[in-house]
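Please read the structure below before turning to the comments.
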Amino acid sequence: MKFFRVLRRAVVLLLALSLFACASAPKPEFTAVDLPAELSESSGLLCVGDEFVSFNDSGGLPVLYRFNAAGKIQQQLELSVKNIDWEAITSDSQFLYLADTGNNAGKRTSVLIHKIPLDWRMLKQPYQPVTLEISLPQQAALKAYQHDLDFEALVYQQGALWLISKSWASQHPLRYRLDPSLTHQTLALALPLQSPDFLVTDASFNSSTDQWWLVGYTNPYKAIWAYITNSGFQAQIARYDAQFQLLEVQTLPTQGQVEGLCIDQWQQIWISEEAGKQKPARLMKTGLSSR
């Protein structure tokens, strides 16, 4: 009997310590600031030092905006190319790569990636970037929002560009390796990617940890109630290892249309979302760390 009393006390003590640890563990701090009207359709996000670069979605002005964590625009760069459907942005140590790769309607035969110096100070505006054209595979007529040749995520990693599909039809994102030095190339064979079970709208790679982060939202055509009531998108974020094995998926505390993701110099994860009917576009610090 004495043994069981001691065992019971030990169990009670362990349970109390566990509850205390859960109660005292700080939750990630999620903060948001409004973006100016010039970025109402912010559709991609890049961390550059302690600042950010973004742009507007299809049909917007062909302008890149550089702004601080308070959402204040510091610099802008006009390009001498059309904004067909700008969707993502990434960089190496010298250049930005701007993805004009949106294809919701399924009518494009090729997509574009514009290569722009990271340093804008000496650039003449409107700036004429080097453009990479990527031919898409020939297929029968595609139905809008019912195919896998729409791309909203682009990542530079170890000398290559990786284009990741949104995959409306299959719900299984695909990734494609591109050469940043070739101005004309064809979309290569798709490489496997374990599905995070959401539509991917942006991605980032952390070379310090060899981990990939993907962001997006659940398919509004499958979340019927949210779609009918216009109650918002359910934002999600996923973490992968270097081999693209899925490690975790988390729900983000926002119902906005999340379109951008980047990791800053302190390994903090930021996202951006387009403006909605009742609120402006926003820049958000998720409170998550990529360490």
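Predicted model only: the values in this text are computed from it and were never measured.
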**Study point:** With sequence neighbours excluded, residues passing ring pair (Phe, Tyr, Trp, His ring centres under 6.0 Å) with F95
**Key:**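 Once residues adjacent in sequence are excluded, F95 has no partner under the ring pair (Phe, Tyr, Trp, His ring centres under 6.0 Å) criterion.
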Minimum heavy-atom distance between [X] and [Y], given as atom pair plus value:
X	Y	value
W213	E248	CH2-OE2, 4.4 Å
S54	G44	OG-O, 2.6 Å
V258	A235	CG2-CB, 3.6 Å
D148	A169	OD1-N, 3.1 Å
A160	P180	CA-CD, 4.1 Å
S167	L199	O-CD2, 3.9 Å

Pair [X]-[Y], side-chain donor/acceptor within less than 3.5 Å:
X	Y	answer
D197	Q171	no
S110	S135	no
D150	W168	yes
Q234	T218	no
T254	E273	yes
W270	D264	yes
T131	H114	yes

Practice item. Output, in order, the C-alpha distance, side-chain angles, deciding distance and verdict of side chain to side chain contact (heavy atoms under 4.5 Å, CB included) for S91 and Y156. Key: CA-CA 6 Å; S91 70; Y156 178 88; over 6 Å; no
Decide whether [X] and [Y] are clustered together by the hydrophobic rule: side chain heavy atoms of Ile, Leu, Val, Met, Phe, Trp, Tyr closer than 4.5 Å, transitively.
X	Y	value
L45	V33	yes
L118	L154	no
L288	L247	no
V53	Y127	yes
L77	L98	yes

Counting N and O atoms only, with roles assigned by atom type, does the side chain of [X] sit under 3.5 Å from a partner on the main chain of [Y], one being a donor and the other an acceptor?
X	Y	value
H147	S170	no
T101	F151	yes
D34	P280	no
R108	G102	yes
Q74	K72	yes
D92	L96	no
D100	I113	no

Check your understanding: Is atom NZ of K279 surrounded by more than 12 heavy atoms (other residues, nucleotides or ligands) closer than 6.0 Å?
Key ->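 For K279, atom NZ is crowded (more than 12 foreign heavy atoms under 6.0 Å).
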Check your understanding: Considering residues, nucleotides and ligands other than L61, do more than 12 of their heavy atoms fall under 6.0 Å from its CG?
Key ->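 No, CG of L61 has 12 or fewer neighbouring heavy atoms, counting only those of other groups under 6.0 Å.
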Side chains of [X] and [Y], heavy atoms from C-beta outward: is any pair under 4.5 Å?
X	Y	value
L136	T109	no
W86	P62	yes
T201	F233	no
D50	N68	no
I116	P129	yes
V249	R239	no
F55	N83	no
L178	W162	no

Separation of [Y] [atom2] from [X] [atom1] (nearest 0.5 Å):
X	Y	atom1	atom2	answer
L132	L112	CG	CG	9.0 Å
Q76	E38	CD	CD	7.5 Å
L161	K115	CG	NZ	8.5 Å
D210	Q158	CG	CD	6.5 Å
S165	L193	OG	CG	8.0 Å
L252	L261	CG	CG	9.5 Å

Using residues 184-192 as the side-chain source, report each donor-acceptor pair under 3.5 Å to any protein atom, sequence neighbours left out, with the distance given to one decimal.
residue	atom	partner	partner atom	Å
Q185	OE1	D179	N	3.0
Q185	NE2	D179	O	2.8
Q185	NE2	L182	O	3.1

Exercise for review: Could you walk me through whether M284 and S272 pass side chain to side chain contact (heavy atoms under 4.5 Å, CB included), step by step?
Suggested key: CA-CA 6 Å; M284 290 162 282; S272 63; 5.8 Å; no
Exercise for review: Flag the pair D202 and K166 as a salt bridge only when some basic side-chain nitrogen lies within less than 4.0 angstrom of an acidic carboxylate oxygen.
Suggested key: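 Salt bridge between D202 and K166, a charged N being under 4.0 Å from a carboxylate O: no.
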**Study point:** Salt-bridge contact K124-E78 (side-chain N to carboxylate O under 4.0 Å)
**Key:**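 Salt bridge absent between K124 and E78.
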Point to revise | Near-ring test W212/F244, centroid separation under 6.0 angstrom | key: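 They qualify: ring centres under 6.0 Å apart.
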**Study point:** Worked verdict on F198 versus N219 for side chain to side chain contact (heavy atoms under 4.5 Å, CB included)
**Key:** CA-CA 6 Å; F198 59 75; N219 189 339; over 6 Å; no
Check your understanding: Could you walk me through whether S80 and Q128 pass the side-chain hydrogen bond (donor to acceptor under 3.5 Å, both in side chains) check?
Key -> CA-CA 5 Å; S80 59; Q128 178 66 55; 2.7 Å; yes
Exercise for review: In sequence, state the C-alpha distance, the side-chain angles, and the governing distance for D57 and E87, and then conclude on side chain to side chain contact (heavy atoms under 4.5 Å, CB included).
Suggested key: CA-CA 6 Å; D57 207 336; E87 289 292 352; 3.2 Å; yes
